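Source: prediction; values computed, not measured.
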Amino acid sequence: MSRKPRSLKQIQAQLSDQLRATEHSWAEIGREFQRRFHVNARVAMRQARGWTQPEAAERWTRRWPDDPKTFKNFSYWEAWPSSTGYAPSLEVLDRMAQLYECSVADLLSDLDDYGAKKRPVFSQIREPGQAVGGVPPSRQAPQPHALAAAAPHPAPGPGARFDPYFGPPPPRPADELGANPGELLSSMSAVAEISSLMESPDGGNSLSRRSALLNLSSLFAVAAAAPLAGAGADEVAPPSPAGRVDGPMIENTGLIVGGLRQQNAALGPSATVQTGLAVRAMMESVVKDAPSGLTGQAWVVYGDLAHLLGWMMFNMGQDEAARFYYDDARKAAYQADDYELAANILAAQAHLSMSAGDHQTAIDHAQAAEEAAKRSPSRRAKAYAADMTARVYASAGQGARSLAALERERKQMQRIDWAEPAAERWGFYGPAFYWARESECHLLLGHPVEAADAGALAQQRFNPAYLHNNAMALARRAQAQVQFGDVPAACRALAEAARMATLAGSVRLTTEMTRAREQLAPHESESIVQALDVRMAKYRRQRGSADTPGRASASVEEVL
């Protein structure tokens with residue numbers, strides 16, 4: 001449900017105050033106003049000060065009484081170079097710069113540069129995998145977890161949006177696996193343990209979707225461990241005897257947790273949660289039996305796993321279970337004295353409170369996440385904490401604070417060296433995630449055009465194998481497109497989201513899809529909406545086999 005936006009002037013005033021409080025110059029605020037509100041440089045600099053044209057003219061006249069101006073003068077200068085405007089002289093530009101406390105160049109920054117190639121504003125932000133000096137790093141060995149590099153970003157098509165912060169998506173390496181999950185499964189079937197899991201039950205009868213997902217869940221757990229089992233004795237120590245915990249055992253368990261996280265990102269929680277619960281039961285004894293020198297490392301792995309379980313429960317609509325696992329994960333983070341992990345978990349708790357409508361608790365958790373991130377050396381933790389702060393402020397209708405938090409996130413991302421190895425928990429985080437968040441914030445704040453634009457940038461960057469993330473971005477993009485009247489585009493986006501949901505569904509995803517479909521209600525009689533309903537009914541039938549007996553029909557109705 002979209003929220004009623006505040007007045008534009010109030011949002012601009014709050015944004016300006018927030019940016020000034022964080023030591024931004026007037027020129028920087030003006031550039032942000034240009035980007036955010038789609039105005040030219042002269043309008044942006046005036047609006048950054050919170051002045052109307054008559055107020056700007058009054059300040060001019062008070063400062064230079066021998067050369068009085070009226071609001072019409074400012075109107076003409078701001079309309080230039082269109083045919084309705086007049087070009088300001090150099091003297092006028094100099095005085096405007098004094099009035100707005102900026103440079104003359106800042107007042108002309110919206111004009112074309114005919115002598116230089118256009119670059120993204122933040123072109124120094126590096127893509128994941130790009131070295132600091134611009135030389136690509138050597139390829140790393142394949143990760144043991146299943147989908148770490150299974151589906152690289154596709155090359156942008158002719159309709160791809162220009163990304164003002166991160167440049168074009170990285171090209172697809174020719175030697176990596178394709179984006180089709182079927183290719184991945186085929187490549188994995190050569191492993192003996194995996195092949196046995198891929199056999200059809202019931203004498204070769206067709207697999208139900210639920211059976212396939214359960215088998216796939218076990219398949220990915222085996223895939224995570226298979227490279228370790230085949231390693232040489234010099235590389236990996238043999239499994240520890242019962243009752244003994246050593247470093248390799250904890251590291252191997254961490255790799256399995258990483259595989260579960262990748263599987264959840266690709267296929268959603270229903271294909272992952274049972275295996276995750278089994279690993280957690282094992283990890284409880286690992287933490288208990290770990291020697292003193294390995295206790296911290298064991299608690300970190302346990303905390304990562306408990307956090308992942310909380311996230312899956314949240315996506316499945318089981319908020320009480322999610323709260324339990326998040327609390328469990330946060331205790332583990334503090335046992336390990338790991339503020340990076342604590343920030344990640346506090347951000348997740350903010351999201352949970354926000355979804356429950358408890359905005360004040362959500363804000364408290366988000367602010368606590370930012371404080372924890374400050375105690376961590378991880379720039380990713382700092383950026384992600386700001387990301388969640390932006391989300392909860394947008395949900396609470398506090399637009400200026402939300403936009404300011406997005407600005408903090410961008411600045412932190414600007415400082416990240418994406419080629420530098422990071423904790424596996426940050427595998428999801430990057431430019432695609434940022435744009436998906438900006439899309440969601442604009443949608444919550446009632447800015448559908450900006451939401452759709454950001455959603456398009458997220459879509460062209462998301463790993464295509466991560467069906468759940470892609471479907472969520474598409475569902476929100478469909479809502480934005482409905483709100484600004486592009487019904488055909490909204491129907492296409494929603495149909496594609498529903499198709500992806502047949503493999504990677506979750507309660508949270510289906511809630512977003514339901515919102516998008518409800519917003520199409522005024523267009524029920526249009527043929528394109530009726531065609532959408534036919535396609536969605538087909539996808540509902542395909543999903544029905546994944547629901548538990550006695551709940552299938554209710555679940556289908558809740559979804560769409």
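- Exactly one residue among D327, D364, T361 makes a side chain to side chain donor-acceptor pair (under 3.5 Å) with Q349. That residue is D327.
- Remark: side-chain polar atoms of S439 are not paired, donor with acceptor, to backbone N or O of A454 under 3.5 angstrom.
- Within the model, atoms CD of E370 and CG of D387 stand 10.0 Å from one another, a figure rounded to the nearest 0.5 Å.
- Nearest approach of A490 to V482, heavy atoms of both residues: CB-CG2, 3.4 Å.
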ask   = Going through the checks in order, is the side-chain contact (heavy atoms from CB on, under 4.5 Å) test met by R49 and S16?
value = CA-CA 7 Å; R49 304 302 294 255; S16 181; over 6 Å; no
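- Q18 is listed as a side-chain neighbour of R408, based on a closest heavy-atom distance under 4.5 Å.
- For the residue pair Q262 and E424, a side-chain donor N or O sits within less than 3.5 Å of a side-chain acceptor on the partner.
- The shortest side-chain heavy-atom distance between R515 and E512 falls under the 4.5 Å cut-off.
- Put simply, the side chain of D486 reaches to within 4.5 Å of the side chain of P488, judged on heavy atoms.
- Side-chain atoms of L352 and H365, non-hydrogen and from C-beta on, never get closer than 4.5 Å to each other.
- More than 12 heavy-atom neighbours from other residues, nucleotides or ligands sit within 6.0 angstrom of CZ on F484.
- Donor-acceptor pairing under 3.5 Å is lacking for the side chains of H442 and R476.
- In terms of heavy-atom proximity, A390 sits nearest to C441 at O-SG, 3.6 Å.
- In this structure, N469 and M472 have side chains that are not in contact, with every pair of non-hydrogen atoms separated by 4.5 Å or more.
- For E438 and R410, the salt-bridge test passes: some basic side-chain N is under 4.0 Å from an acidic carboxylate O.
- Classification of the W418-Y429 ring pair by plane angle, with boundaries at 30° and 60°, yields tilted.
- Between the CZ atom in R401 and the CD1 atom in I363 there is a gap of 7.5 Å [rounded to 0.5 Å].
- The shortest side-chain heavy-atom distance between H359 and V392 does not fall under the 4.5 Å cut-off.
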message = Please determine whether side-chain contact (heavy atoms from CB on, under 4.5 Å) holds for the pair Y539 and R535, giving the CA-CA distance in whole Å, both sets of side-chain angles, and the decisive distance to 0.1 Å.
response = CA-CA 6 Å; Y539 296 140; R535 293 186 67 182; 3.1 Å; yes
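- Nearest heavy-atom pair, E28 versus H24, reported as atom, atom and distance to 0.1 Å: OE1-CA, 3.2 Å.
- Between W311 and H351, the two ring planes are tilted [angle within 30° to 60°].
- Counting heavy atoms from C-beta outward, L346 and M388 have side chains that stay 4.5 Å or more apart.
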